[in-house]
Protein chains: 2
Amino acid sequence: MKMPQTMERPLATVDVAIFAIVDNALQVLLVRRPDCAGEPFPGCWALPGGYIDVHKDASLEACAMRKLREKTGVRSPYLEQLGSWGSAKRDPRGYTITCVYFALLNAELVTLDHSGKVEAPTWQPVDGDGVRERLGFDHATLLAAALQRLRNKVEYTSLPAFLLPESFTLSDLQSAYETVLNRAVDKSAFRTRMLAADFIEPTGEQRASVTRPALLYRLKVRTPVLFPRTFSPRGETG
Amino acid sequence: MKMPQTMERPLATVDVAIFAIVDNALQVLLVRRPDCAGEPFPGCWALPGGYIDVHKDASLEACAMRKLREKTGVRSPYLEQLGSWGSAKRDPRGYTITCVYFALLNAELVTLDHSGKVEAPTWQPVDGDGVRERLGFDHATLLAAALQRLRNKVEYTSLPAFLLPESFTLSDLQSAYETVLNRAVDKSAFRTRMLAADFIEPTGEQRASVTRPALLYRLKVRTPVLFPRTFSPRGETG
DNA sequence: CTAATAAGGTTGCATAGTACAACTAAACTC
DNA sequence: GAGTTTAGTTGTACTATGCAACCTTATTAG
């Protein structure tokens, strides 16, 4: 085997698929590629990301968190590693490996910096027309994988709660599930299930509205909760 | 931002956690680190792995498949990407990123090459005494993550079927589930569930034994099957 | 030939979760 | 105070499965 010093090293990057609910739709934060010569995919959209800095980034997750903070200013979103892609073909500049994360956050916490830069990040509906076609590199593949993971996990976790503000109603929560799933869910079963999972608690406040006010809830735990699966013996508590 | 050419590049490797059932126990294939000076973690055990070859490895998965084939000779196991770990501290030689895969295969297909080499791979029980302590690098962490992913997925997928030979009985399959989960599961519900998932079919043969012979089955599909989850409307077929 | 043994495979019942649908409750508007 | 809208509950049917008992089919011992 060759020694590591003499091995040709691939470039290593981290990309982040940042999701939020904007205008009642699931949207992803995209940046525009610089439109100058020599840059790959000029003018295309891309997931925020960049090279790993071996001096600044103590870990891959720290690197993803840094990218996320740079684009959104948000410091503590839900962040999960999605997977890695690597090949000689995905970037014309050579063999690259990218480690992709996906993040969930409340859009209200984000102030997008639109100060004249062309590369300013913007929200784009995940199912919007031609988003896939306008994405550079293999980012359409990465985004599709992130969406698939998210929609799959929503079926059995509390992930959509991380798209909401600090306090929310059960209807807000159900709406977040439905927005992500792009499908209606049953109100009765939904409420039973959420309360049984015991990851939210009433704040004691209500939200005033033009109709009957709804109880407000907050997260009891900052980590996502898994709903019950199968094969579990009856007696168990976890 | 710095140009990629001037960026200090981390080393990129791929490691593989290869699982099989040996002696009725879930075991993982480990290799021994060379015991010479200058090598990190001399004499320790480690997951099989190595540097990505930007000329030979068309993708990360191709690299993992290559490592797997080199150690086991098996060409088409179940292979799934687990995740990536990167930091300056996990290898004394510098900042490294490793992309970890896990594989499931039937131990009978593997012929371990024990021709005098010290680095020969060997099966080790995953819950064996001190396996964690004897692992070099952060491979104890990687192995624990692989085990967690595997045990979690077993609850709702057909993964254990990939640990069996081409034809097997339902009792064999149940035994594989129980070996991975380290727990007994109900026979009746198990059989109903496996047959309902419709991923195996009878071969038409029986296995003779000292007691009543059992029907043999084979996989209908080579891809893993997900068992039903929740939130699904009644009418749907998939 | 018969009974014991042991594993394969089935049946029946209780329960939990939830899909579906209809209902009640609490606020506002007019 | 009737109508409207959303919040939240109740009740029924169905499904999967945990649990346990039962029947089936082979071998082996006597």
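Across residues 158-169 of chain A, not one residue has a non-hydrogen atom less than 4.0 Å from an atom of DNA chain D. Contact check of residues 198-206 of chain B against DNA chain D (heavy atom, cut-off under 4.0 Å) returns no residues at all.
Protein atom CZ of A:Arg183 is 13 Å distant from nucleotide atom P of C:dT18, rounded to whole Å. Between the CG atom of A:Leu215 and the P atom of C:dA25 there is a distance of 16 Å, given to the nearest Å. Separating the CZ atom of B:Phe190 from the P atom of D:dT17 is a distance of 11 Å, rounded to the nearest angstrom. Between the CZ atom of A:Arg207 and the C1' atom of D:dG8 there is a distance of 15 Å, given to the nearest Å. In this structure, the CG atom of B:Asp186 is 16 Å from the P atom of C:dG12, given to the nearest Å. Separating the CD atom of A:Gln174 from the C1' atom of D:dG8 is a distance of 11 Å, rounded to the nearest angstrom. As a whole-Å value, the separation of A:Leu195 CG from C:dG17 C1' is 14 Å. Rounded to whole Å, the distance from CG on B:Leu173 to C1' on C:dG8 is 15 Å.
Atom CD of A:Gln148 is surrounded by 12 or fewer heavy atoms from other residues, nucleotides or ligands within 6.0 Å. Enclosure of atom CZ in A:Arg151 by more than 12 non-hydrogen atoms of other residues, nucleotides or ligands within 6.0 angstrom is indicated. Within a 6.0 Å sphere centred on CD of B:Glu70, heavy atoms belonging to other residues, nucleotides or ligands number more than 12. The environment of B:Glu201 atom CD is dense: over 12 non-hydrogen atoms of other residues, nucleotides or ligands sit within 6.0 angstrom.
At C:dA7, none of the side-chain N or O atoms of B:Ser209 fall inside 4.0 Å of OP1 or OP2 (strictly under the cut-off). One finds no side-chain N or O of A:Thr192 lying less than 4.0 angstrom from the OP1 or OP2 phosphate oxygen of C:dT18.
Between B:Phe19 and B:Phe102, the angle of the ring planes goes over 60°, which puts this pair in the perpendicular group of the 30/60° scheme. Between A:Phe199 and A:Phe227, the ring planes lie tilted relative to each other; the angle falls in the 30° to 60° range.
The base of D:dT9 lies outside donor-acceptor range of the side chain of A:Ser188, with no N or O pair under 3.5 Å. For D:dA26, the base has no donor-acceptor partner in the side chain of B:Arg212 [N/O atoms by modelled type, under 3.5 angstrom].
Between B:Tyr177 and B:Ser158 there is a side-chain heavy-atom pair separated by less than 4.5 Å. Between A:Glu155 and A:Leu181 the shortest side-chain heavy-atom distance falls below 4.5 Å. Side-chain contact between B:Arg134 and B:Val131 is present, with at least one heavy-atom pair separated by less than 4.5 Å. Between B:Ile200 and B:Leu195, the closest side-chain pair of non-hydrogen atoms falls below 4.5 Å.
Here D:dT17 is the nucleotide among C:dA19, C:dG8, D:dT17 with the atom lying nearest to any side-chain atom of B:Arg193. The listed nucleotides are D:dG8, C:dA19, C:dC28; the one nearest the side chain of A:Ala214 is D:dG8. Side-chain atoms of A:Arg191 lie closest to D:dG8 of the nucleotides C:dT18, D:dT6, D:dG8. Distance from the side chain of A:Lys187 is smallest to D:dT9 among D:dT9, C:dG9, C:dC28.
Nucleic acid contact for B:Leu170: none, since no nucleic acid atom lies under 4.0 Å from a heavy atom of the residue.
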